[in-house]
Participant: 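Pasting in a structure now, in structure tokens, and then I'll have a few things to ask.
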Amino acid sequence: MKKYTAPVIMLAVFEALAVILWLTKDNIFYLFNFSYIGCSIALGIFLYIREHRHARRVVQLLVGLYMLIYLGLINRENMQIEGFWYYLFSGVFEAATIHYAAAKIFGPVLFGRGWCGYACWTAMVLDFLPYKVPAQPRKRLEWIRYITFSLSFVFVAALFFAHVGNLEEIMFRAFIIGNVLYYAVGIVLAFAFKDNRAFCKYLCPVTVFLKPASYFALLRVKCDKEKCVSCGKCRKVCPMDVDVTDNSRKRENGTECILCMECVKNCPKGAL
Ligand code: SF4
Ligand code: SF4
Ligand code: SF4
């Protein structure tokens, strides 16, 4: 039973968050929302422990589809980065601001870029494409993410300063158009660079939030140097080009790790 401690702890953490937000915000939606996400993640960890091949993909689909379809399209909450700026400018700690605080700004200190491996609805689709492991060397195009990040900020700031009316409707449309664009550009980049995660590496504005906090992540893959035979298999199967054999915080592409565990699963010596 001891091996199931991790999913139980994860479920407990999300339940605690669900109850705290339900009571402090006096809104039962938070109880449902965080309980659902916690159950999905706990199920994924349980499946991983049982060595289920698709454990990560199960969580990704459960959480990603819920956020995209239920929260985004049915509840009309813009959970993209524009939605975060929108709520921030409005001075409201709701929906996208809570989501960003938990999953993308403070959460990564605990679980790194787990969001990118297990919940993001953009990557949920990109991960179906054929280039699960990059077939080309990494490009030096990371700077583009700062442009997309700035554009998202300027877009929402301009709407506020221009006192544009009906912002809720604009945000909903921005969510739909933004997602269509993300998917289209993400798919084109994946085929152009032969890398499913090219969009994540070069364009995604959210990484500007994710990367600094994940540098300090408590949950990270570490290498047992005594067992490692430097075969390089872990690097070959890594979708994010992380040098996971280096245990230092400054490991190459360390803040890119999405905790997909492909390196762990493929290490012939059980060193990770
Ligand atoms: S980098 Fe961006 S698109 Fe990729 S998984 Fe993370 S949040 Fe999603
Ligand atoms: S796959 Fe395992 S043994 Fe091979 S280099 Fe990586 S950590 Fe070392
Ligand atoms: S293969 Fe390992 S190092 Fe690479 S992203 Fe997945 S968990 Fe991180």
Side-chain angles (χ1 to χ4, degrees), residues 48 55-57 59-60 63-64 67-68 79-84 96 99-100 102-105 107-108 111-129 132-134 138 141-142 144-146 148-149 152 178-179 181-187 189-190 195-211 213-214 217 219-249 251-272:
Y48 178 77
R56 183 179 74 86
R57 300 289 281 137
V59 187
Q60 208 178 21
V63 181
M67 298 198 82
L68 177 68
M79 307 294 275
Q80 302 261 90
I81 194 162
E82 300 80 30
F84 170 72
H99 163 64
Y100 266 71
K104 295 165 178 170
I105 298 175
F111 46 73
R113 284 179 59 177
W115 163 264
C116 298
Y118 296 82
C120 172
W121 59 88
T122 307
M124 171 187 80
V125 170
L126 299 179
D127 279 354
F128 278 110
L129 299 176
K132 301 198 182 334
V133 176
R138 201 181 176 95
L141 296 172
E142 292 90 352
I144 304 177
R145 65 167 68 109
Y146 298 101
T148 51
F149 181 85
S152 71
N179 272 295
L181 269 176
Y182 276 22
Y183 285 132
V185 176
I187 291 169
L189 280 183
D195 178 359
N196 286 359
R197 292 281 182 153
F199 179 84
C200 304
K201 290 173 188 170
Y202 311 126
L203 248 79
C204 179
V206 183
T207 54
V208 176
F209 285 132
L210 287 162
K211 281 168 75 75
S214 60
L219 193 64
R220 60 200 290 266
V221 181
K222 285 202 191 136
C223 178
D224 183 340
K225 296 284 189 186
E226 301 277 302
K227 292 184 185 167
C228 177
V229 291
S230 304
C231 66
K233 188 89 196 277
C234 49
R235 184 70 183 248
K236 277 198 195 116
V237 297
C238 179
M240 302 303 282
D241 320 299
V242 181
D243 179 6
V244 77
T245 56
D246 176 0
N247 283 331
S248 81
R249 294 265 167 203
R251 62 165 63 143
E252 191 182 352
N253 299 319
T255 56
E256 297 277 281
C257 178
I258 56 170
L259 295 175
C260 66
M261 300 296 159
E262 285 307 312
C263 53
V264 178
K265 282 191 257 174
N266 284 282
C267 173
K269 295 291 173 186
L272 299 170

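Whatever order the structure lists ligands and atoms in, that order sets their numbers, starting from 1.
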Participant: Between N253 and M240, is there a side-chain heavy-atom distance shorter than 4.5 Å?
Facilitator: no

Participant: Quick one: which ligand 3 atoms are inside 4.0 Å of a heavy atom on C238?
Facilitator: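 Those of ligand 3 that fall under 4.0 Å from C238 are 1 (S), 3 (S), 4 (Fe), 5 (S).
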
Participant: Out of all atoms in ligand 2, which are within 4.0 Å of some heavy atom of V229? Include the element for each.
Facilitator: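 What qualifies from ligand 2 is 3 (S), 8 (Fe).
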
Participant: Taking the side chain as every heavy atom from C-beta outward, state whether R145 and V206 have any pair of such atoms under 4.5 Å apart.
Facilitator: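 In short, these two side chains do not touch, never coming nearer than 4.5 Å.
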
Participant: Go through ligand 3 atom by atom and flag the ones less than 4.0 Å from a non-hydrogen atom of C257.
Facilitator: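 Listed by number with element, the hits are 3 (S), 5 (S), 7 (S), 8 (Fe).
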
Participant: Relative to the heavy atoms of P268, which atoms of ligand 2 are at a distance of less than 4.0 Å?
Facilitator: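 Heavy-atom distances to P268 below 4.0 Å select 1 (S).
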
Participant: Which bit of R113 gets closer than 4.0 Å to ligand 1, counting heavy atoms only: side chain, backbone, both or neither?
Facilitator: side chain

Participant: Would you call I187 and L126 a side-chain contact if the rule is heavy atoms closer than 4.5 Å?
Facilitator: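 Counting from C-beta outward, I187 and L126 do come under 4.5 Å.
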
Participant: Does any part of the side chain of V59, heavy atoms only, come nearer than 4.5 Å to the side chain of Y48, both counted from C-beta?
Facilitator: no

Participant: Of all the atoms in ligand 2, which lie at a distance below 4.0 Å from a heavy atom belonging to C267?
Facilitator: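 Near C267, the atoms of ligand 2 are 1 (S), 2 (Fe), 3 (S), 7 (S).
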
Participant: Among W115, F84, F209, which residue satisfies the ring-ring contact (aromatic ring centres under 6.0 Å, His included) criterion with H99?
Facilitator: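 Between H99 and the candidates, ring-ring contact (aromatic ring centres under 6.0 Å, His included) is satisfied uniquely by W115.
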
Participant: Using a strict cut-off of 4.0 Å, indicate which atoms of ligand 1 neighbour a heavy atom of A123.
Facilitator: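 Those qualifying, in numeric order: 5 (S).
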
Participant: Number the atoms of ligand 1 from 1 as they appear, then name those within less than 4.0 Å of a heavy atom of W115, with their elements.
Facilitator: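 Those atoms are 7 (S).
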
Participant: Is C228 close enough that one of its N/O/S atoms sits under 2.8 Å from atom 2 (Fe) of ligand 2?
Facilitator: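 Short answer: no, not a single N, O or S atom is under the cut-off.
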
Participant: May I ask you to identify the nearest protein heavy atom to atom 3 (S) of ligand 3, giving residue, atom name and distance to one decimal place in Å?
Facilitator: V242 CB, 3.6 Å

Participant: Under 2.8 Å from atom 8 (Fe) of ligand 1 - does any N, O or S atom of C204 fall there?
Facilitator: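 Looking at C204, which is the residue asked about, there is no N, O or S atom under 2.8 Å from atom 8 (Fe) of ligand 1.
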
Participant: Which heavy atom of F149 sits nearest a heavy atom of V208, and at what distance?
Facilitator: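 Distance-wise, the nearest heavy atoms are CD1-CB, 3.6 Å.
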
Participant: If hydrogens are left out, which of I258, V133, T245, D241 has an atom nearest to atom 5 (S) of ligand 3, that is, the closest non-hydrogen atom?
Facilitator: I258

Participant: Where do V244 and R251 come nearest, in terms of heavy atoms and distance?
Facilitator: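 Heavy-atom minimum between the residues: O-NH2, 3.8 Å.
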
Participant: D195 and salt bridge (charged side-chain N to carboxylate O under 4.0 Å, His left out): which partner among K132, R138, K201?
Facilitator: K201

Participant: For ligand 2, note which part of L272 has a heavy atom under 4.0 Å away: side chain, backbone, both or neither.
Facilitator: side chain

Participant: Using a 4.0 Å cut-off to any heavy atom of C200, which atoms of ligand 1 qualify?
Facilitator: 1 (S), 3 (S), 4 (Fe), 5 (S)

Participant: Considering only heavy atoms from C-beta outward, does the side chain of E142 approach that of E256 to under 4.5 Å?
Facilitator: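 Not in contact.
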
Participant: Consider ligand 3: state whether an atom of it lies below 4.0 angstrom from any non-hydrogen atom of L259.
Facilitator: yes

Participant: Counting each atom of ligand 1 from 1 as listed, which ones have a heavy atom of T207 under 4.0 Å away?
Facilitator: 1 (S)

Participant: What are the atoms of ligand 2, with element, lying closer than 4.0 Å to any heavy atom of C231?
Facilitator: 1 (S), 3 (S), 4 (Fe), 5 (S)

Participant: For ligand 2, is any non-hydrogen atom under 4.0 Å from C263's backbone (N, CA, C, O), its side chain (CB onward), both, or neither?
Facilitator: neither

Participant: Any atoms of ligand 2 less than 4.0 Å from a non-hydrogen atom of G232? List them with their elements.
Facilitator: 4 (Fe), 5 (S)

Participant: Are the side chain of R249 and the backbone of A217 linked by a donor-acceptor contact shorter than 3.5 Å?
Facilitator: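 Judged by distance alone, yes, a pair lies under 3.5 Å.
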
Participant: Is a side-chain donor or acceptor of D243 paired with a backbone partner of E252 at a separation under 3.5 angstrom?
Facilitator: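 No.
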
Participant: Going by the order shown, which atoms of ligand 3 are within less than 4.0 Å of some heavy atom of M261?
Facilitator: 6 (Fe), 7 (S)

Participant: Taking the side chain as C-beta and beyond, is there a heavy-atom pair between K265 and V237 under 4.5 Å?
Facilitator: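 Result no, sub-4.5 Å side-chain heavy-atom pair not found.
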
Participant: Around atom 6 (Fe) of ligand 2, find the nearest protein heavy atom and jot down its residue, atom name and distance.
Facilitator: C234 SG, 2.4 Å

Participant: Can you list the atoms of ligand 2 that are under 4.0 Å from a heavy atom of S230?
Facilitator: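 Checking each atom against S230, I get 5 (S), 8 (Fe).
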
Participant: Number the atoms of ligand 1 from 1 as they appear, then name those within less than 4.0 Å of a heavy atom of R197, with their elements.
Facilitator: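 Listed by number with element, the hits are 5 (S).
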
Participant: Could you check whether any heavy atom of Y182 sits closer than 4.0 Å to an atom of ligand 1, since that is the contact criterion I want to use?
Facilitator: no

Participant: Considering heavy atoms of the protein only, find what lies nearest to atom 8 (Fe) of ligand 1 and give residue, atom and distance to 0.1 Å.
Facilitator: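 For atom 8 (Fe) of ligand 1, the nearest protein heavy atom comes out as C120 SG, 2.3 Å.
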
Participant: If I compare all heavy atoms of Y118 with all of R56, which pair ends up nearest, and what's the gap?
Facilitator: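 In this case the closest contact between Y118 and R56 is CE2-CG, 3.4 Å.
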
Participant: Quick check on contacts: which atoms of ligand 3 are under 4.0 angstrom from a heavy atom of C260?
Facilitator: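 What qualifies from ligand 3 is 1 (S), 5 (S), 6 (Fe), 7 (S).
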
Participant: Taking a cutoff of less than 4.0 Å between a non-hydrogen atom of the residue and any ligand atom, is K201 in contact with ligand 1?
Facilitator: no

